[in-house]
Amino acid sequence: MARYSIIMREDQLSISLASKLMDELSALGYLRDDENPEIVFTIGGDGTMLKAVHHYLHRLETVRFIGIHTGKLGFYTDFIPDEMDELISYLKSGTYTDYAFPLLKAKVCKGESCSVYHALNEFTIMNAVRTQHLDVYINAEWFESFQGTGLCISTPSGSSAYNKSLGGALVHPQIKSFQLTEIASINNNVYRTISSPMIFPCDTTLTLKARDFNEVILTIDHEHIELKGYDEIHFSISELQVYFRRFKEDNFWRRVQRAFL
């Protein structure tokens, strides 16, 4: 008997869809278990999926995610409300493919004390009050000194999100990598940055060092924290992966086409 959970938006459509889904799953013999689910259904948008992934971060090896989008089709969701019967048919058939998407890890350190965070889409480091001064190291070797509003470090699956709005590249999720994209960098005769998105292979560690991280906001997908007095942040591909259960043919470029063209 499969155990499942539902995470959804708090709107009337999502509540109605959740009620119908629970009835259908009960008829199939599924058991609702919000503590230890094997399958997590999300009803909403990609933001709802991000919320679900972070909620079950401690159970990613054993959980599979399935998304129902209440708006236009998202990058992490395969079904829309009118396709609920189709989803149930797929569940009955038992024919599916599980796709693994690596997470991105940020290790935020102050001296010997470090905190670790994970993101499915991206991390950003931003300061809307004053210019940031960050030294960028690639595998412990200094690369450049950045000055500007901030930096975005994204996964391939998150490359179509905030990263794209910054002029970053779209990266196929099967390419195990991560990307660094600048946010309003300062470039003149005194200060100079690469001014181009950079894509790193999976064995790379990107390190940011600064004299002062006060008043800096670190965003972690849909969440954020204020950094105070931290010395450096190390970014790398995490050992954790998110598994999405797919019943339809997965075509990343078709999803890009539907979303942007």
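Only this structure's heavy atoms are used, side chains among them; waters, hydrogens and symmetry mates stay out. Computed from a prediction, not measured in an experiment: that's the story for all the values here.
The six-membered or imidazole ring of H54 lies away from that of H118, with a centre-to-centre distance of 6.0 Å or more. With ring centers used as reference points, F123 lies under 6.0 Å from F235.
Grouping Ile, Leu, Val, Met, Phe, Trp and Tyr by side-chain contacts under 4.5 Å, direct or through others, puts Y99 with I7, V40, M49, L50, V53, Y56, L57, L60, V63, F65, Y76, F101, L103, L120, L240, V242, F244.
Looking only at side-chain heavy atoms (C-beta outward), T97 and F247 stay at 4.5 Å or farther from each other. I225 has its side chain out of reach of I217: every pair of non-hydrogen atoms, C-beta onward, lies at least 4.5 Å apart. By the 4.5 Å heavy-atom criterion applied to side chains, E122 and T155 are not counted as neighbours.
For the atom pair CG of L104 and CG of N121, the computed distance is 10.5 Å after rounding to the nearest 0.5 Å. Residue R64 holds its CZ atom at 13.5 Å from CZ of F41, rounded to the nearest 0.5 Å. Expressed to the nearest 0.5 Å, how far CG of L17 lies from CZ of R9 amounts to 11.5 Å. Taken to the nearest 0.5 Å, the CZ atom of R246 stands 15.0 Å off from the OH atom of Y96. Residue I237 holds its CD1 atom at 6.5 Å from OG of S177, rounded to the nearest 0.5 Å.
Counted by atom type alone, T219 and T124 present one or more donor-acceptor pairs between their side chains at under 3.5 Å. For the 3.5 Å distance criterion, the side chains of H234 and T205 fail to qualify, holding no donor opposite an acceptor. Neither side chain, D33 nor S5, offers a donor N or O lying under 3.5 Å from an acceptor on the other. Using modelled atom types, one finds no donor on one side chain facing an acceptor on the other under 3.5 Å when comparing T149 with Q132. In the model, D11 has a side-chain atom that pairs as donor or acceptor with a side-chain atom of S14 under 3.5 Å.
Panel note: side chain N163, backbone T181; no donor-acceptor pair is recorded below 3.5 Å. Using modelled atom types, no side-chain atom of D98 and backbone atom of Y243 make a donor-acceptor pair closer than 3.5 Å. Remark: side-chain polar atoms of S16 are not paired, donor with acceptor, to backbone N or O of L13 under 3.5 angstrom. At distances below 3.5 Å, not a single donor-acceptor pair connects side-chain atoms of S26 with backbone N or O atoms of D23.
Under 4.0 Å is where a charged nitrogen must lie from a carboxylate oxygen, and between K105 and E239 at least one such pair does. Look at D78 and R255 and you find a salt bridge, because one of the NZ, NE, NH1 or NH2 atoms lies within 4.0 Å of a carboxylate O, short of that distance. In summary, K248 and E83 engage in a salt bridge, as defined by a charged side-chain N under 4.0 Å from a carboxylate O. Taking 4.0 Å as the cut-off between side-chain N and carboxylate O, D85 and K20 count as a salt-bridged pair. Between K110 and D231 there is no salt bridge, since none of the side-chain N atoms of the basic residue sits less than 4.0 Å from a carboxylate O of the acidic one.
Evaluated for a side-chain contact (heavy atoms from CB on, under 4.5 Å) with F143, the options L180, T207, I138, T193 yield exactly one hit, I138.
Using the six-membered ring where Trp is involved, Y191 and H133 have ring planes that are perpendicular, over 60° apart on the 30 and 60° scheme.
For E141, the CD atom is loosely surrounded, since the number of other residues' heavy atoms within 6.0 Å does not exceed 12. The 12-atom threshold is exceeded at CD of E223, counting heavy atoms of other residues, nucleotides or ligands nearer than 6.0 Å. Enclosure of atom NE2 in H224 is not indicated, since only 12 or fewer non-hydrogen atoms of other residues, nucleotides or ligands lie within 6.0 angstrom.
Annotation for M8 and T48: closest pair CA-CG2, 3.9 Å, computed over non-hydrogen atoms. In terms of heavy-atom proximity, Q179 sits nearest to S159 at NE2-CB, 4.1 Å. Nearest heavy atom pair, residue G167 against residue P197, reads O-CG, 3.5 Å.
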> salt bridge (Lys or Arg N to Asp or Glu O under 4.0 Å) between R59 and E38: does it pass, once the steps are laid out?
Replying inline: CA-CA 9 Å; R59 290 185 51 82; E38 300 167 77; over 6 Å; no
> Is there a salt bridge (Lys or Arg N to Asp or Glu O under 4.0 Å) between K209 and D135 once you walk through the steps?
Replying inline: CA-CA 5 Å; K209 296 183 180 181; D135 285 325; over 6 Å; no
>> Under the criterion salt bridge (Lys or Arg N to Asp or Glu O under 4.0 Å), I'd like the reasoning laid out for R192 against E144: C-alpha separation, chi angles, the key distance, then a yes or no.
In response: CA-CA 8 Å; R192 182 67 56 189; E144 68 174 7; over 6 Å; no
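With sequence neighbours excluded, the residues forming a salt bridge (charged side-chain N to carboxylate O under 4.0 Å, His left out) with D34 are R32, listed by chain and number.
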